[in-house]
Each structure stands twice: as structure tokens, then as C-alpha cells.
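Every chain is numbered from 1 and lettered A, B, ... according to where its sequence line falls, protein lines coming before strand lines.
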Amino acid sequence: MEQRPLIAKVALSIPVHKEFDFIIPDLLQSVATIGKRAKVPLRNRERWGVIIAITEESRVSSDLEALITVADDPSYTVADVEFCRWMSDRYLAPLGIVINRPLPQRVTESVKRYYQSTVGVTEAALVIDKLKRRAPRQAALLQVISTISTSMISEAELSGQLGEVRRQLIRLREEGLIKEVQPTTQTRESLPILSIDETAAVKQICAKFTQGGRVLLHGRDRRGIYHHVVAEAIKRGESALILVPERLLLSQIFHSFRTQWGEIVEIYHGGLSEGERGRIWNRVRSGDCLIIVGTRSAIFLPFTNLRLIIIDEEQDSSYKQQDMLPYYHAREATFMKGEITRKHRQAPLLLLGSVAPSVETFHATHTEEIELIRLKQQARKSDVEIKVIDLRRVRKSDLCISPQLRQAITATLSHGKKVLLIVNRRGYFPVVLCKECGQSLRCPQCGINLVYHFTTSQLLCHLCSTVYHQMRCSQCHSRALRFLGVGTQRVEAEINRLFPAAATIRIDTDTMRKKKEQLSFTRRDSDIVIGTPMVAKGSQWTQLGLVGVVSADTFLGRPDFRAAERTFQLLANSVSQIESGRIIIQTYFPDQYAIRYFALDDYDGFYHEEIDYRKQFFYPPFSYLAKIILRDNDQQQKKIEMIKKILAPFPVDLLGPTKTPGVKKEEKYLLVKGATSTSVCEATTALLHAISELRIDIDPL
DNA sequence: AGATGCACTTAT
DNA sequence: TAAGTGCATCTA
């Protein structure tokens with residue numbers, strides 16, 4: 001008897017909250033399965049999508065088209081499709097976008113060349129010194145290769161860090177300073193030796209392997225523990241995913257696992273080439289690769305036997321995708337990944353790590369959704385001294401470097417150690433006031449403060465990059481201006497004046513545009529580093545003796561209920577940069593609780609004060625938020641009225657509209673605030689159905 | 001008439 | 001997303 005053809009539901013990469021049905025032709029019957037990529041006809045064109053379901057019926061009345069082809073790889077597992085569907089529902093992003101964006105379209109079987117240093121670190125340092133002048137690029141290259149010592153590094157990864165390096169590699173090989181190695185000739189190192197405290201923590205964590213679960217590891221120096229826990233997962237023949245917040249932090253941790261485990265370890269992030277991502281995708285799917293060190297997008301990889309997910313620096317805001325759909329939080333997504341894995345096979349263990357955990361996570365350890373394991377030394381190292389400088393008592397307050405900080409810098413440099421200065425804003429004067437009307441100068445397009453850049457003598461909008469040559473008030477056109485605030489350029493200028501002999505480097509978005517190789521080289525070589533908070537992430541620095549937070553108030557003063565938390569975390573991160581030495585914090589509010597508790601090395605004290613504040617003002621984790629983003633258009637007011645009307649029957653509050661700080665043009669947002677996650681979810685889903693073209697950010701940061 | 005621009009619709 | 005449509009405006 002004639003059988004009716006099966007129908008494939010295909011999620012296409014178009015911003016529409018629906019999937020499309022196609023007939024599966026007989027020939028493709030066996031290959032068209034859930035999770036595979038399929039080529040389909042759409043409006044007389046061909047497009048690729050992902051098969052998310054196979055059904056017998058279609059609710060589409062007109063004649064259906066048929067699938068054109070099905071690609072065998074790369075593909076998703078059934079559990080991955082379920083995961084993407086959850087993400088689409090949770091973060092209100094079309095499934096087609098969620099599922100197609102991380103999936104590579106191509107796979108390359110590239111033959112990669114790996115290199116290793118043939119000389120020791122000390123010997124390499126001598127050669128580097130000699131090479132520096134004549135061949136700076138070779139010097140930088142050797143620097144990178146020699147610091148990973150017994151590990152190996154591929155040309156692809158090197159050029160990712162330093163730019164085009166082929167000729168320099170050949171030259172260094174000719175000189176006998178490096179050699180090409182096969183990935184298999186790897187020397188395995190034994191696991192790091194742990195303290196009694198750490199051994200106990202490993203034991204406690206590994207005990208959770210049988211049932212799975214969530215653990216927060218609170219403390220510093222977590223790497224050794226990670227190694228042991230990963231070893232346990234691998235011993236069981238299963239895989240581990242190690243997440244870090246940013247690409248910059250991948251290399252170090254990746255190489256420490258590479259030396260341990262060889263080729264079963266891969267690095268993964270969104271910046272890899274399509275082909276490379278495809279290759280890793282397949283290796284994960286087939287089980288050839290068991291350990292992934294990656295950024296948030298690595299949660300989409302098609303693991304078939306995932307047993308462990310480590311989320312290091314779990315408090316870091318980079319885990320939330322902010323710039324494109326879906327606006328997901330990788331920490332929350334791993335929780336669901338865990339649930340889905342549990343359903344399909346076995347519950348994995350989720351291990352969150354931080355010195356200064358997010359308020360949400362720490363709160364969850366009290367409600368017992370997450371188990372807390374603490375290391376004895378939580379944040380402070382015994383030989384790190386923390387000093388808060390009360391700027392109200394500093395006389396020459398027109399300078400950004402107080403005499404105390406200046407003195408500390410002098411002392412640090414004289415000991416041959418390096419200095420890291422953290423400044424929140426880039427440019428010279430981040431605030432320009434008009435003396436006539438008292439208004440700050442703003443970008444007429446974006447409505448954010450214009451920043452004075454000294455080097456170019458111009459006013460710059462940091463958002464749309466528009467340059468204003470005319471130095472006059474945009475409101476009243478007065479030329480009488482007052483320049484205020486502390487930016488990276490201003491600190492740099494002041495440091496150059498105070499310490500003319502020191503080698504200084506500034507690291508912010510302005511200088512990052514410079515050639516990669518120059519930067520990565522000089523950053524290791526400078527005495528004083530001045531940078532935006534990104535320089536305090538991970539542990540990128542060696543030989544640091546002092547971290548100076550030039551103005552803690554610019555962090556505290558942000559219009560954000562998380563300002564105190566962010567400040568505490570930044571300060572805690574600055575400690576991780578140092579082995580021994582000093583942290584100096586300059587502030588006009590030394591009694592502010594984030595600063596006070598940090599100076600006392602008391603995370604719990606901070607947490608209790610912060611959680612009281614959150615409770616009192618009904619902020620997360622006591623309430624749930626969603627941000628409704630209104631792009632600029634003339635119907636804004638009308639839309640706001642509609643939103644109010646639609647939300648009226650729901651048990652949620654509506655706040656705003658507010659101009660989005662630091663975001664383009666006339667963009668405004670409304671905040672939906674509810675007592676349960678369900679109430680916010682139902683309200684926002686209703687909105688999405690009623691008004692298309694709305695951007696909704698669930699659990700915004 | 002034909003070209004160009006722009007807002008709006010909608011796909012299986 | 002991006003092709004197709006209708007409608008207004010411009011050009012010679």
C-alpha cells in the first residue's frame with residue numbers, strides 16, 4: 001500500500017518565529033534525520049537549515065516543496081536540538097537563528113603544523129633580547145612559543161595572536177630555536193600536586209559524579225582542582241567542557257590541558273574560521289575530542305557523552321551574549337544542557353568557579369540549588385596588601401595619581417616589578433561641560449557624553465565614532481568649556497610626566513587597533529600598563545607588584561543595580577593578577593560597602609549587605625527582569641502605549657521608558673519586572689505575539 | 001516611459 | 001533575512 005511521504009520541519013536562519021515544512025523525498029528518507037542540515041527551496045532560492053522534527057502531517061494547506069539535499073556533517077544530536085528549542089523559548093529568539101548561528105557550514109581537514117621551543121625559557125629570554133631590535137616579530141614569536149615550554153602550538157593559533165608569522169617561523173626553525181613537532185609526540189605531564197585543602201575539595205566534587213549536580217567552588221587558584229576533576233571525567237571515558245569568559249584567557253588554560261592530555265583537547269570560540277569550527281565540531285561529535293576549552297559558544301558543540309562542565313569566573317558578564325540574538329546567559333544555558341543530558345543519558349556535573357561569585361549564584365547556594373565548596377584561602381593572598389586611599393584627604397586632587405599611589409609606583413619599579421593601572425574610561429577627559437548652560441556635551445545622534453581625546457584634539461563619540469572638530473556646546477554653541485574626569489589617555493600622560501624613564505603601555509580599544517604583534521610583545525615588556533578593566537581579567541600578567549584602581553568611583557557610580565557587585569568583582573580580579581605586592585584603590589567613598597568589605601577580604605560581609613539591598617528594592621535574585629528594547633522610530637510612543645495595554649492583565653511591573661546608556665541613537669527600553677520567572681516569561685511572550693519587531697532581552701545585565 | 005527609492009509583506 | 005511588490009517621485 002502507498003505510504004504517505006514524511007515531512008521534515010526545518011528551522012531556517014530567518015527572523016521569524018516559525019519553522020517550515022518540506023516533503024522528504026524517498027531517496028533522502030534514510031539520511032533526513034533530526035539535527036542534520038538540509039538544503040531547501042524557498043522563494044525560488046536555495047537555503048540551508050536544520051531539520052528539527054520529522055512528522056507525518058503538515059498544517060500547511062498549500063503544496064509542499066521537497067528537500068533538495070541533506071548534509072551528513074556537521075550536525076546536531078537530538079539532545080542539541082532540544083537544547084536549542086529551550087533556548088529559543090527561554091530567550092524569545094527564533095529557533096532558526098538559535099540553531100543555525102553556531103553551526104559551521106563547512107569542514108576542513110587541514111593539516112596543521114605544530115611548533116615547540118628547543119631551548120629553555122631562560123635561554124630563550126637571552127635570544128629574545130638579542131632579536132628584539134633586529135627582528136622584533138621573531139622575538140615576539142619566540143616569546144610566545146617559549147612560554148608554553150613543553151607544549152606545542154599551531155601556526156594557526158600563533159597567527160591568531162600575532163598576525164602573519166609564516167616567514168618568522170621558518171627563520172626561527174632555521175636558527176634551531178624551534179622545531180616542528182607531530183601532535184602525537186606530546187610529552188604527558190603528571191597532574192599538579194594539591195594542598196590538603198584542595199585535595200579535600202577534589203574529593204568532595206568528584207563524589208558528585210555519580211548523580212551529577214551543581215557545585216560552586218569559591219576561592220582562588222582553582223586550576224589544579226580543575227585538572228584533577230577533568231582527569232576523573234576522562235578516566236570514565238567521558239568528555240569535559242571548560243568555559244572561560246573571553247578568548248584572551250583561552251590560550252593559557254588550553255595549553256595546560258594540552259600538555260596533560262594531548263590531541264583529545266581542543267580550543268573552541270566564535271572567532272575560529274568556519275572550517276576549523278567544523279573540524280572540531282565533528283571531532284566532538286565522534287568522540288575523538290573529549291576536552292574542550294572554549295568561550296560561551298562552545299555550549300552548542302554536539303557532545304555525546306558530556307560528563308563535566310566547568311564555568312570558570314562564573315560571575316563574568318561576558319557569559320551573557322549582548323550583541324546579537326539569542327541574548328542567552330551561558331551559565332544558565334549549561335544548567336539546561338545538564339538537565340537535557342540527564343534526560344537522554346546521564347547527569348553531568350556542573351562546576352562553577354569564582355573568587356567573588358555573582359550574587360545570583362551565591363544566593364542559589366543558600367537555597368541549595370547549588371552546593372558550596374570553599375577553599376581556605378578565598379581571595380587575599382597573604383603577601384598582598386590592600387590599601388584604600390581617601391581622595392578627600394588628598395590635596396593635589398587635580399591629579400589622577402595621588403602622592404601615595406605615586407610613591408607606591410616608584411617603590412614597585414625600583415624593585416624591578418611592574419605596575420598595572422586600571423581606568424574605567426578611555427580618552428583624555430571623559431566629561432566636557434559647557435560653562436554657559438551647565439550641560440555636558442553629548443553626541444546629537446547617540447545622546448551620550450562626548451569624550452575629549454588629547455592626541456587628536458577632538459571630541460569623540462565612543463558609540464558611533466563620530467568626530468567633532470568644533471569645540472563648542474551642542475546646545476548653546478558656547479565655546480566656554482570645562483574638562484573633567486579621568487580617562488586612560490590622561491592617566492598615561494600623567495604617568496609619562498611623573499615617570500619619564502618607565503616603559504609605559506596603554507591598552508584600550510583605541511590602542512587595540514594597533515598591530516597585534518607590537519602590542520602582545522610590548523605588553524610583556526612594559527613597566528607600567530594602563531588599561532580598561534579588561535586588563536584585570538584572568539591572570540595575564542607576570543612580575544606585577546602593584547595594581548592601582550585610579551578611580552573606584554567611576555565603577556560605583558554607574559546607573560546599574562549591579563554597580564557595587566561589579567566593583568567588588570573588579571577589585572577581586574585585580575588581586576588575582578598579583579603574586580605578592582600591593583593593591584591601591586583611590587576613591588572619594590572609602591566607606592562604601594563594596595570597597596570596605598573588599599579591603600577586609602570579606603566576601604560574605606559584602607554579600608549580606610548586597611543581598612539586603614536587592615531584597616529591599618526587589619531586584620534579582622528576588623525578582624525577574626526583561627528588557628524591551630525599542631529601536632528608534634516615530635512610532636515609539638504608540639508602541640509604548642500598546643505594550644502597556646497588553647501587559648495590563650499580567651502580574652508584572654513596567655518601568656521606563658529609559659534611554660539606553662551607551663547605546664545608539666534614540667533607543668529606549670522598558671523594564672518588565674515580576675516576582676516569578678514564569679510571570680515575566682508569559683508577559684513577554686504575549687508581547688512578542690502581539691508586536692513583531694520587538695527586541696526582548698531576558699535577564700538583562 | 002523608464003528609472004530610482006522606499007516601506008511593507010512574507011516565505012513551506 | 002532578502003526577494004518581491006506597490007506606490008511615489010524624479011528624469012529626459
In whole angstroms, how far is the C1' atom of dT12(B) from the NE2 atom of His17(A)?
-> 18 Å
Contact class for Val40(A) vs. all strands (heavy atom < 4.0 Å): base, sugar-phosphate, or nothing?
-> nothing
Value in whole Å for how far the P atom of dT12(B) lies from CG of Asp63(A) = 11 Å
Any chance you could lay out the ring pair (Phe, Tyr, Trp, His ring centres under 6.0 Å) test for Tyr619(A) and Phe561(A), step after step, and finish with the verdict?
-> CA-CA 8 Å; Tyr619(A) 277 123; Phe561(A) 71 90; 4.3 Å; yes
Among Tyr319(A), Phe300(A), Trp86(A), ring-ring contact (aromatic ring centres under 6.0 Å, His included) partner for Tyr328(A) | Phe300(A)
Please lay out, stage by stage, how Arg566(A) and Gln315(A) fare under the test side-chain hydrogen bond (donor to acceptor under 3.5 Å, both in side chains).
-> CA-CA 9 Å; Arg566(A) 286 280 127 80; Gln315(A) 83 295 339; over 6 Å; no
Between Gln105(A) (CD) and dT1(C) (P), how many Å, whole number?
-> 16 Å
Salt-bridged, Arg562(A) to Glu360(A), with N to O below 4.0 Å?
-> yes
Nearest whole angstrom, please: distance from the P of dT12(B) to the CG of Leu64(A).
-> 10 Å
Check the distance between dT12(B)'s P and Leu95(A)'s CG and give it to me in whole angstrom.
-> 19 Å
Value in whole Å for how far the P atom of dT12(B) lies from CD1 of Ile52(A) | 17 Å
Counting heavy atoms from C-beta on, name the nucleotide in dA11(B), dT12(B), dA3(C) closest to the side chain of Phe22(A).
-> dT12(B)
Take atom CH2 of Trp48(A) and atom P of dA2(C), then tell me their distance rounded to the nearest Å.
-> 17 Å
Given dT1(C), dT12(B), dA3(C), the nucleotide with the shortest approach to the side chain of Arg45(A) | dA3(C)
Find the distance Glu46(A):CD to dT12(B):P and express it as a whole number of Å.
-> 14 Å
